[in-house]
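The structure appears below as C-alpha cells.
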Protein chains: 2
Amino acid sequence: MNNTTLKKISEILGLSISTISRALKDHPDISAKTKQRVVELATTLDYEPNANAINLRTSNSKLFGLIVPSISNWFYNAFIASVEEDSRRNGYSLMILQSGDDPSIEINNLKLCRQNRITGLFVCISPETTNIEPFLKLKEMDIPVIFFDKVPDDARCNKVCVADALSATMAANELISKKKKKIAGLFGNPHLLITQKRLEAFRKTIHEKSGAAQLIIDYAPSTEDAESKTIELLKEKPDAIFCMSDEILIGVMKAIQRKGLSIPKDLGVITISNGAAPKLYFPEITYVETSGHKLGKMAYSSMMACLGGSTFIQDLTIESILVEGGSL
Amino acid sequence: MNNTTLKKISEILGLSISTISRALKDHPDISAKTKQRVVELATTLDYEPNANAINLRTSNSKLFGLIVPSISNWFYNAFIASVEEDSRRNGYSLMILQSGDDPSIEINNLKLCRQNRITGLFVCISPETTNIEPFLKLKEMDIPVIFFDKVPDDARCNKVCVADALSATMAANELISKKKKKIAGLFGNPHLLITQKRLEAFRKTIHEKSGAAQLIIDYAPSTEDAESKTIELLKEKPDAIFCMSDEILIGVMKAIQRKGLSIPKDLGVITISNGAAPKLYFPEITYVETSGHKLGKMAYSSMMACLGGSTFIQDLTIESILVEGGSL
DNA sequence: ATTTTTGCTGCAAACGTTTGCGAAATTGTT
DNA sequence: AACAATTTCGCAAACGTTTGCAGCAAAAAT
C-alpha cells in the first residue's frame, strides 16, 4: 500500500541504503550481481524515487515554471505545447500557471514557483504588470527567467518575441502590392507595447510605400469589440482590412459574414496569426505567421543557454513569414 | 544570492529553528513580539518555504497530475483551465503532461507523477491505452485517479464524462423539430466508443421520431477529412448537417463557404461543441454544449470527494444543454 | 516561602535521498 | 606467507522542514 523506499529495499536485501542507491544508478562501485538483485526487487516493488527527497538533497528540481495570462489561447497554447514537449524530452517537468492578466495572481504564481524551487521560469507578463523586480530577484538567485511574447521594456531581461513591427510591415507591403487603396486596420489594446509598435510600423509602411492609400485605424481589445468595430468600419467601404491578431480576425470575419460580403471580391483581409484561425475559413485568410510553436522552441533553447552558464542577455525575435491564402 | 532558510533566520535572531517555524505559521505558543520580529526578518529576506522539504516531511505534496492527449484542443483546454483555476484557489499545484496519444509516453508521464508524489491524478487516456493497471496501482496507494472524457470501460474507475449518447439525441430532436427531412451526419473516428455511442443514439432518435427523414452518415477523423467529405455530401443536397465535434464543424463550414452556400437558407447546421467554434461564424451555429469547463469543475469536485475519504466509485456525466444559434 | 499554573522556547527525530570517506573482503603480486 | 592493490560496501552527514516532548522562567495560588 505504502511507498517503497531505498530503506525498505535495503532492509529486505540486507544491504545498506547507500548500496541500493548506487546499484540503482549503475554506480561502478557496485558488483553486477548485487546490482541485479537490487534492480529486480526494485521493479517488483514498483520503486519510484521520491523527487522531493532528491530535490532537497541535490537542490536541482528539474522543474520549470511557466506563467501565462491564459492557456486558452491559440498562440500561448502552441507555445506551451512546444515547451512542454522539449522539457519532457530532456527530463524536465513543467508547472503551468495562469495569471488571468491579474498582477496579484501573477505574484502568487511566482511565489509558488519559488517555493517549488524551479530551475527556470518562462513568463509572459500581464499588461498591467509594472513592477518586474520580483522577476529580477529570481535572476539574482541564478534562476534564469525567459520572458516571452509580452515582455518588459528592461535591458536586464532575457526576451524572446515574435517580430512585432516587422510582421506588421510585411502585411502592409502585401496590401500595397495588391494595390489596396482604402485600408482599415484593426488593432488590439492600445496600451500594449506590441500594439503601438505594430501600428507605427504599419502606418509608416503604408505611407512610405503608397502615399495615395487611405488608412482607417481603430482598436478592439476583444473579439466582440472587433465585430462591432468592423460593422462601423465597413460603412466606409474599405477595400481591405488588416487584423492585428487572431482574436480580431475572428470578430472581423463574423462582421463580414453578417454583412454578407464575400472575400476577396468585396474586400480583402489579412492578419497576423499563429496559423490556426486563418485556416478556419474559405478562402483561407492570408496571414503573416507568428508561430507560438517556434517561439516555444526558441524560448526553450534560450533557457538551456542560460542554464549552460551563458550570462549573455538575449533579446531574440523569430522571423515571420507570409502565408498566402486567397483573401487578398 | 542563495535561498534563505529557517535556519538562517534562526541564527540571525538567536532563536531556534522550531521557534521560527512556529512563528511563521502563527502558532499560539509563540509570543506576539517574537512573531513580529520573525515575520519582519522573513519578509525582508524574501523567505519562501522549500516545498520539497515540506512535502518530504509531511508527505502531502498539494500537487495534482493531469495527463491529457494534447493541450492544444479546445475542449481539453477549457477543462485544464478550469481545473487549474480550482486547484490554485485551493492551494494545489498542477503538473500538466501531454501524452500525444502515445501509450508509452503516457506511462512515462505516470511515472513522473509518481516520482513527484502527486496527491491525485486527472487523466484522459489515449485511445490505444489498453492496460489500465498502472493507474489502478495508484488507487491502491490511496492516490485518487479521476478519469475524464476518454475513460476506460472498467467499473473500478472514477469517471467524469460528457453525455455522449444524450447530446446526439438532443441534436437529433432539434433537427426533427425543425422539420429537416434529409439529414447528413458527419462523425469522427469510427473506432472510438464515443463515436459509436453518438452515432447509434443519433440514428435511433431520427428513425424513431421521424420515420420519413432520410439519413446520410459519413466519418471524418480530421478537419481536412470533414471538409472533403462534406463536399461529397453536399451533392446529395441535404437540408441539414449534423457535426459530431468542433473539429468536424470547422471542416464542414469551410466546405459550405467554399460552395457559397448560405446558412440557414440553403441548409441547416448543428453540432456538438465545447462552445467556442460555433461562435466563430455568423449566424452562430446551434449546438449541444458539452462543456470542458463544466467537466473540469466536476472532475475537481470529484477529486475533492475522493480526498475527503469517499471510497464510493463515481461515474458522473454532465448534462448537455442546447444553445440556439441561427443556423437551423 | 513553597507549590502550581501559565507562557514561551529549544531539543531531537524524522521524511528519503546523495555522496565523501573509510573499512572490509577479495584478488593479485612477490 | 606476507604485502599491496583492487573491488565492494557501509557510515554518517546533509538538504529544510514539522512536531511531540520537555525545559525553564515568571506569575499566580496556596
Side-chain angles (χ1 to χ4, degrees), chain A residues 2-39 41-42 45-63 91 111-112 114-119 141-142, chain B residues 1-39 41-42 45-63 91 111 114-119 141-142:
Chain A
N2 252 319
N3 279 314
T4 86
T5 68
L6 292 185
K7 188 176 177 188
K8 192 173 291 183
I9 299 182
S10 78
E11 281 166 355
I12 297 180
L13 253 34
L15 292 171
S16 80
I17 296 182
S18 32
T19 301
I20 309 296
S21 172
R22 292 189 170 104
L24 251 19
K25 51 183 39 167
D26 212 23
H27 192 286
D29 270 9
I30 308 298
S31 71
K33 317 135 220 166
T34 306
K35 274 179 191 166
Q36 197 198 330
R37 287 208 309 152
V38 171
V39 170
L41 184 58
L45 289 186
D46 271 315
Y47 170 75
E48 289 292 347
N50 185 323
N52 287 310
I54 295 177
N55 295 348
L56 182 58
R57 169 60 221 241
T58 64
S59 52
N60 176 11
S61 66
K62 286 273 188 180
L63 207 214
K111 191 174 281 210
L112 252 177
R114 290 189 51 188
Q115 292 180 357
N116 282 85
R117 299 298 188 266
I118 54 166
T119 75
M141 300 194 285
D142 287 325
Chain B
M1 181 173 79
N2 249 321
N3 279 313
T4 85
T5 66
L6 292 186
K7 189 177 176 186
K8 191 173 293 182
I9 299 182
S10 78
E11 281 166 356
I12 297 180
L13 254 34
L15 293 172
S16 79
I17 296 181
S18 31
T19 300
I20 310 296
S21 172
R22 290 189 173 104
L24 251 19
K25 51 183 41 166
D26 211 25
H27 193 286
D29 271 7
I30 309 297
S31 70
K33 319 133 219 168
T34 307
K35 274 179 192 167
Q36 198 197 327
R37 289 208 307 150
V38 171
V39 171
L41 183 59
L45 289 186
D46 271 318
Y47 170 75
E48 287 293 348
N50 185 321
N52 288 309
I54 296 177
N55 295 347
L56 182 58
R57 170 60 221 242
T58 64
S59 53
N60 177 13
S61 65
K62 286 270 188 182
L63 208 215
K111 190 174 284 207
R114 290 189 50 188
Q115 293 180 357
N116 282 84
R117 300 296 189 266
I118 55 166
T119 73
M141 300 194 285
D142 287 325

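Within every chain, numbering begins at 1; the chains are lettered A, B, ... in the order of the sequence lines, protein sequences first and strands thereafter.
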Sugar-phosphate only, base, or nothing, as touched by B:Ser18 at under 4.0 Å among non-hydrogen atoms: base

Side-chain donor/acceptor of A:Asn50 to backbone N/O of A:Asn52, under 3.5 Å: yes

CG on A:Leu56 to CZ on A:Arg117, rounded to 0.5 Å: 9.5 Å

DNA chain D contacts made by residues 19-29 of chain B, counting heavy atoms under 4.0 Å: B:Ser21, B:Arg22, B:Lys25

Contact check, side chains of B:Ile12 and B:Leu45, non-hydrogen atoms, under 4.5 Å: yes

Euclidean distance, atom CG of residue A:Asn60 to atom P of D:dG16 [Å, nearest integer]: 14 Å

Close side-chain approach of A:Asp46 and B:Arg114, heavy atoms under 4.5 Å: yes

Could you list the donor-acceptor pairs under 3.5 angstrom formed between side-chain atoms of residues 19-28 of chain B and any protein atom two or more places apart in sequence or on another chain?
from, atom 1, to, atom 2, distance (Å)
B:Thr19, OG1, B:Ser16, OG, 3.1
B:Asp26, OD1, B:Lys35, NZ, 3.2
B:His27, ND1, B:Asp29, N, 3.0

DNA chain C: 5'-proximal contact among A:Pro49 and B:Thr34 (nearest heavy atom): B:Thr34

Taking every non-hydrogen atom, the tightest pair across A:Ser61 and A:Asn116: CB-O, 4.1 Å

Distance in angstrom units between B:Lys8 NZ and D:dT17 P, rounded: 11 Å

Gap between atom CG of B:Asp142 and atom CG of A:Asn3 - 0.5 Å precision: 10.5 Å

d(CG, A:Leu56; P, D:dT17) in whole Å: 9 Å

CA sep, side-chain torsions, deciding dist, call: A:Lys62, A:Ile54, side chain to side chain contact (heavy atoms under 4.5 Å, CB included): CA-CA 10 Å; A:Lys62 286 273 188 180; A:Ile54 295 177; over 6 Å; no

B:Tyr47 side chain reached by B:Leu6 side chain, heavy atoms, under 4.5 Å: yes

Gap between atoms CG and C1', on A:Asn55 and D:dA14 respectively (whole Å): 15 Å

Rounded distance in Å - CD (A:Gln115) to C1' (D:dG16): 13 Å

Atom-to-atom span, CD1 of A:Ile54 to C1' of C:dC15 - whole angstrom: 14 Å

Rounded interatomic separation in angstrom, taking CG from B:Leu6 and P from C:dC15: 19 Å

Spacing of B:Asn116 atom CG relative to C:dG16 atom P, expressed in whole Å: 15 Å

Of residues 9-17 of chain B, the positions that come close to DNA chain C - non-hydrogen atoms, cut-off under 4.0 Å: B:Gly14, B:Leu15, B:Ser16

Contact nearer the 5' end of DNA chain D, comparing A:Ala53 with A:Lys33: A:Lys33

